Amino acid sequence: MKLPASYYQQNDVVHIAKDLIGKVIVSMVDDKRTAGIITETEAYRGVGDKACHAHLGRFTDRTKIMYENGGVAYVYLCYGIHNLFNIITNTDQQADAVLIRAAEPTEGIEHMLHRRGKEKLDKTLTSGPGNFSKAFGLDRSHYGEDLTGDLVWIEDAEVFAQEVAERSQSYLDDSSKQITSAHFDFDQRPPLNDIGSDKIISKEDIITSKRIGIDYAEEDADLPWRFYLWSSQFVSKR
DNA sequence: CCGTAGATGGCCT
DNA sequence: GGCCATCTACGGA
């Protein structure tokens, strides 16, 4: 269930970024379990990528973790306010990373609301990289955290795109009821024919676009290395 | 609805 | 000193 180190050590960060869409990220911070389906990612491809913090081999106290073997967290502070959570991929010295930009909450929504200082569930709870990290309790104290450990990890899950769409919409439709908790049990998933879709999340369910907020990266700013799930409301920007 | 200013702090191969 | 892998509130239409 928990993705092994070998998953993160694959050598194609763009492929991994896309493949992570639909998987489940879990954090267990302060004994509070929070989980969600990854709905938006971006790939940053090491020393050759002008948008990557490790561009041209930049090696500082901040970026040094990027050169480790894949399967650890790289968390940094952005604009002085936001903690951005990344996953290091590939092998030693490659410095590839995937930024987690959004997730659709499935467990521990009450903890997420509390961390975000919100009363009510809406799409901003966990969409946008700063918001995602805050809701999941992730910050720079998790710099270098081992993703095969028990604090933050990713699980494989057979999530159906249509199912995400329906639940996502029901969250938002229900806002008047002030949902403060929800639990998604994968074993309770209805049979295929009942959910109107005959496939798990596949390439056709994932939209590709250029990465956000990296205008300084010149021609690399246009690379199609951002991925998001068409069916989720929990995406930062369409 | 839309665009933008201001917050805020660490980084600086 | 200048620059950010951002977010929200707020003002105008």
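The basis for the numbers below is simple: all heavy atoms, side chains too, and nothing from hydrogens, waters or symmetry mates. Protein chains get the first letters and strands the later ones, always in sequence-line order, with residue 1 at the start of each. What you see is a predicted model, and the numbers here were worked out from it, not measured in a lab.
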Verdict with reasoning, A:His142 to A:Phe85, per ring-ring contact (aromatic ring centres under 6.0 Å, His included): CA-CA 9 Å; A:His142 307 292; A:Phe85 181 82; 8.0 Å; no
Heavy-atom closest contact (A:Ala97 atom, A:Val13 atom, distance):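 Reported closest heavy-atom pair: O-CG2, 3.5 Å.
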Which nucleotide of DNA chain B is the first, and which the last, in the 5' to 3' direction, to come under 4.0 Å of a heavy atom belonging to chain A?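 Nucleotide range with atoms under 4.0 Å of chain A: B:dA7 to B:dT13.
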Do any N or O atoms from the side chain of A:Asn131 and from the backbone of A:Leu125 form a donor-acceptor pair under 3.5 angstrom?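 Looks like no, no N/O pair under 3.5 Å.
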Let me know, please, whether A:Arg140 or A:Ile81 comes out on the 5' side of the other along DNA chain B by nearest nucleotide.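 Its nucleotide being nearer the 5' end, the pick is A:Ile81.
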Expressed in whole Å, how much space separates the P atoms belonging to B:dA5 and C:dC3?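 It works out to 16 Å between them.
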Identify the residue among A:Arg101, A:Lys237, A:Arg211 that makes a salt bridge (charged side-chain N to carboxylate O under 4.0 Å, His left out) with A:Glu42.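 Per the salt bridge (charged side-chain N to carboxylate O under 4.0 Å, His left out) rule, the option paired with A:Glu42 is A:Arg101, out of A:Arg101, A:Lys237, A:Arg211.
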So, for A:His111 and A:Thr34, which heavy atoms are closest and what is the spacing to 0.1 Å?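 The answer is CB-CG2, 3.9 Å.
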With heavy atoms of chain A within less than 4.0 Å as the criterion, where does contact along DNA chain C begin and end?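 For DNA chain C, the relevant span reads C:dC4 to C:dT8.
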Within the structure shown, what part of the strands sits under 4.0 Å from A:Arg116 by heavy-atom distance: base, sugar-phosphate, or nothing?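 Touches sugar-phosphate only.
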For A:Thr148 versus A:Ala5, what's the shortest heavy-atom pair and its separation?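 The pair with the smallest heavy-atom distance is CG2-N, 3.6 Å.
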Could you go step by step and tell me if A:Met28 and A:Asp150 meet the side-chain contact (heavy atoms from CB on, under 4.5 Å) rule? CA-CA 7 Å; A:Met28 188 71 82; A:Asp150 295 322; over 6 Å; no
Go through the side-chain N and O atoms of A:Tyr7 and A:Asp156 and say whether any donor and acceptor fall under 3.5 Å apart.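 No - no donor-acceptor pair under 3.5 Å links their side chains.
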Is there a donor-acceptor contact under 3.5 Å from the side chain of A:Thr39 to the main chain of A:Ala102?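 At least one qualifying donor-acceptor pair exists.
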Minimum heavy-atom separation for A:Met112 to A:Ala135, with atom names?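 Heavy atoms of A:Met112 and A:Ala135 come nearest at CG-O, 3.5 Å.
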Paired stretches of DNA chain B - 3 or more consecutive Watson-Crick or G-U pairs, each distance under 3.5 Å: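 B:1-7 with C:6-12, B:9-12 with C:1-4 - these are the stems of 3 or more pairs that involve DNA chain B.
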Could you tell me whether A:Thr60 contacts a base, only the sugar-phosphate backbone, or nothing, with contacts defined as non-hydrogen atoms closer than 4.0 Å?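 Here A:Thr60 touches the backbone only, sparing every base.
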When you look at A:Phe59 and A:Tyr67, which way does the ring-ring contact (aromatic ring centres under 6.0 Å, His included) test go after all the steps? CA-CA 9 Å; A:Phe59 189 93; A:Tyr67 297 84; 5.2 Å; yes
Indicate, with a heavy-atom threshold strictly under 4.0 Å, whether A:Asn131 touches base, sugar-phosphate, or nothing.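 Sugar-phosphate contact only - A:Asn131 comes under 4.0 Å of backbone atoms but never of a base.
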